[in-house]
Amino acid sequence: MKYLKVSLLFLFAAAIIVPFGFTRSVEGQAAAEAPTHDMNATTPTATPPGSVSDVFNQVDYDGDLDSDADDVARFGEARDAFEEVEGVADGLGPVYNTQSCRECHQNPETGGGSQITEFRAGHLNAFGNFVDAPGGSLINQRAVAAAINERISTAETETTRRVSLQLFGDGFVEAIANGTLTANVAAQPSAQRGTLINVAVFEDGATLRVGRFGHKDQQASLVSFSADAYLNEMGITSNFAQTNTENTSNGNSVAAFDTVADPEDPDNEDVENFAAFMRGLRAPGRGPQNASTNAGSVLFDVIGCAVCHTRNFTTAAVGTLINGGAFTVPFGLGNKVIHPFSDFALHNIGTGDGIVQNGGQATRNQVRTAVLWGVRTKNELMHDAEEHTINDSILRHAGQATTARNNFNGLSNTNKTNLIAFVLSL
């Protein structure tokens, strides 16, 4: 028993030292902590409430190696576009989910997540492979006319909801090098090792990059993510091969209800603004910390949560070309240490999403490891918003997360409380 206590003490000490002393990364030295947002829209500032100073990461938009009034103005312009409410005359629909990016990304302020979900559906064929519902797995919940409202039939037996994700810190996530993500996954135990998939970068047209955005890692760049969401959530087309054609209504043409010629964002101005806004957002910062959260932080590593919920990454060096050369990492995003608590890889944790988007049939029941930074702003948890407590979310983990879940179940009530307190401080 004495030796067991000594071993546990050593493990706890190592868990305290290792996560904060090292960052698993291939990038250079003297990396700085990324600027963070306190996730509180009421925080007093030196400028009027809601101003860019609340959330703005000093990104050098114009490439003059300085962050100045021009860059602040650029962020404000991008935020205005992100918050703009679209109408039919702008190309909204004909089938769609929301009228504004902000509608899905607002908690605690523009750039956060929300309670809004999208709905996906399909079925399995005779070989057990997933097949989209007619027109695609995304079933839009709104339309400009009742005649084209989408719905599913009883043939579509695979269904799921997907909760809107918060966007704070996504500029830093975009700036993580492919090699950093692949090295991180390669270091995971084989039983828990995640799956990284390569997806198209719309703005380059030829490049594949490690996917990192969306519940299925379906996008690798913020421009691609923006164009995809603009089409699928608002029905507005842009000038990329993947997004220049209108969606259908359950596979049927909606041309008779479409009053604006495609592409409706012909120069991709809106899409570029959305990406610029996200690149300028700070990362979610930590909430209040105390003895309970500090103890929980140690337990988070000891029981195995950190295997997939990776604490630390360092972004690529300033000046690095990414997204097929379409974007140069600016000083506001380059060589920054972030703490997303995700490996951005797909895992099968038994939640049974059932939908295939990219990566083939093997990804059908895999979902991206949820980022935990900013989780304290959410009360609808997991990818489908089906859980409402951290405890129930942990208990739902299975598959590759079974060991961590069982280790959690073996903790004392005090230690469970401490671990949950830690997660709720993120």
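Counting begins at 1 with the first residue of the sequence.
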Show me the donor-acceptor pairs, under 3.5 Å and distance only, between side chains in residues 85-96 and residues at least two apart or in other chains.
| unit_1 | atom_1 | unit_2 | atom_2 | d |
| --- | --- | --- | --- | --- |
| Glu86 | OE2 | Tyr230 | OH | 2.9 |
| Asp90 | OD2 | Gly87 | N | 2.8 |

Sequence neighbours excluded and cut-off under 3.5 Å, please list the side-chain donor-acceptor pairs for residues 418-426, or say none.
| unit_1 | atom_1 | unit_2 | atom_2 | d |
| --- | --- | --- | --- | --- |
| Asn418 | OD1 | Ser292 | OG | 2.7 |
| Asn418 | ND2 | Thr414 | O | 3.4 |
| Ser425 | OG | Arg286 | NE | 3.3 |
| Ser425 | OG | Arg286 | NH2 | 2.8 |
| Ser425 | OG | Phe422 | O | 2.6 |

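Under the ring-ring contact (aromatic ring centres under 6.0 Å, His included) criterion, Phe408 pairs with no residue at all, not counting sequence neighbours. Residues that satisfy the side chain to side chain contact (heavy atoms under 4.5 Å, CB included) test with Ala200, not counting sequence neighbours, are Leu208, Gln242.
Across all their heavy atoms, Arg282 and His37 have their closest contact at CB-N, 3.8 Å. Between Glu264 and Glu246 the shortest heavy-atom distance is OE2-OE1, 3.1 Å. Heavy atoms only, all atoms of each residue included: Leu333 and Arg279 are closest at CD2-O, 3.6 Å. Scanning both residues, Asn244 and Asp262, for their nearest heavy atoms gives O-CB, 3.6 Å. The minimum heavy-atom distance between Met39 and Phe168, with the atom names listed, is CE-CD1, 3.8 Å. Taking each heavy atom of Thr98 and Cys104 in turn, the nearest pair found is CG2-SG, 3.4 Å.
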Check against side-chain contact (heavy atoms from CB on, under 4.5 Å), Phe202 and Val223: CA-CA 7 Å; Phe202 294 1; Val223 169; 5.6 Å; no
side-chain contact (heavy atoms from CB on, under 4.5 Å) evaluation trace for Asp270 with Ile236: CA-CA 10 Å; Asp270 289 343; Ile236 297 181; 5.5 Å; no
Trace of the side-chain contact (heavy atoms from CB on, under 4.5 Å) decision for Arg162 with Ile355: CA-CA 11 Å; Arg162 300 265 183 84; Ile355 307 295; 3.6 Å; yes
Residues Leu222, Leu167; criterion side-chain contact (heavy atoms from CB on, under 4.5 Å); working and verdict: CA-CA 10 Å; Leu222 288 176; Leu167 306 173; over 6 Å; no
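Counting only residues at least two apart or on different chains, the salt bridge (Lys or Arg N to Asp or Glu O under 4.0 Å) pairs with a member in residues 383-395 are Asp384-Arg396, Glu387-Arg396. Within the structure, salt bridge (Lys or Arg N to Asp or Glu O under 4.0 Å) contacts touching residues 188-202 (residues at least two apart or in different chains) do not occur.
Taking the charged nitrogens against the carboxylate oxygens, Asp301 and Arg311 do have a contact shorter than 4.0 Å, which makes a salt bridge. With salt bridges taken as basic N to acidic carboxylate O contacts below 4.0 Å, none links Arg209 and Asp204.
Proximity of Arg102 to Arg79: side-chain heavy atoms (C-beta onward) are nowhere separated by under 4.5 Å. His105 places none of its side-chain heavy atoms less than 4.5 Å from the side chain of Met278.
Between the side chains of Asn358 and Gln218, no donor-acceptor pair of N or O atoms lies under 3.5 Å.
Taking the six-membered ring where tryptophan is involved, the planes of Phe56 and Tyr61 are essentially parallel, since the angle between them stays under 30° and well short of 60°. Taking the six-membered ring for Trp and thresholds of 30 and 60 degrees, Phe82 and Phe274 have ring planes more than 60 degrees apart, a perpendicular arrangement.
Checked options His215, Lys216, Gln366; the residue passing with Asp353 is Lys216 (criterion: side chain to side chain contact (heavy atoms under 4.5 Å, CB included)).
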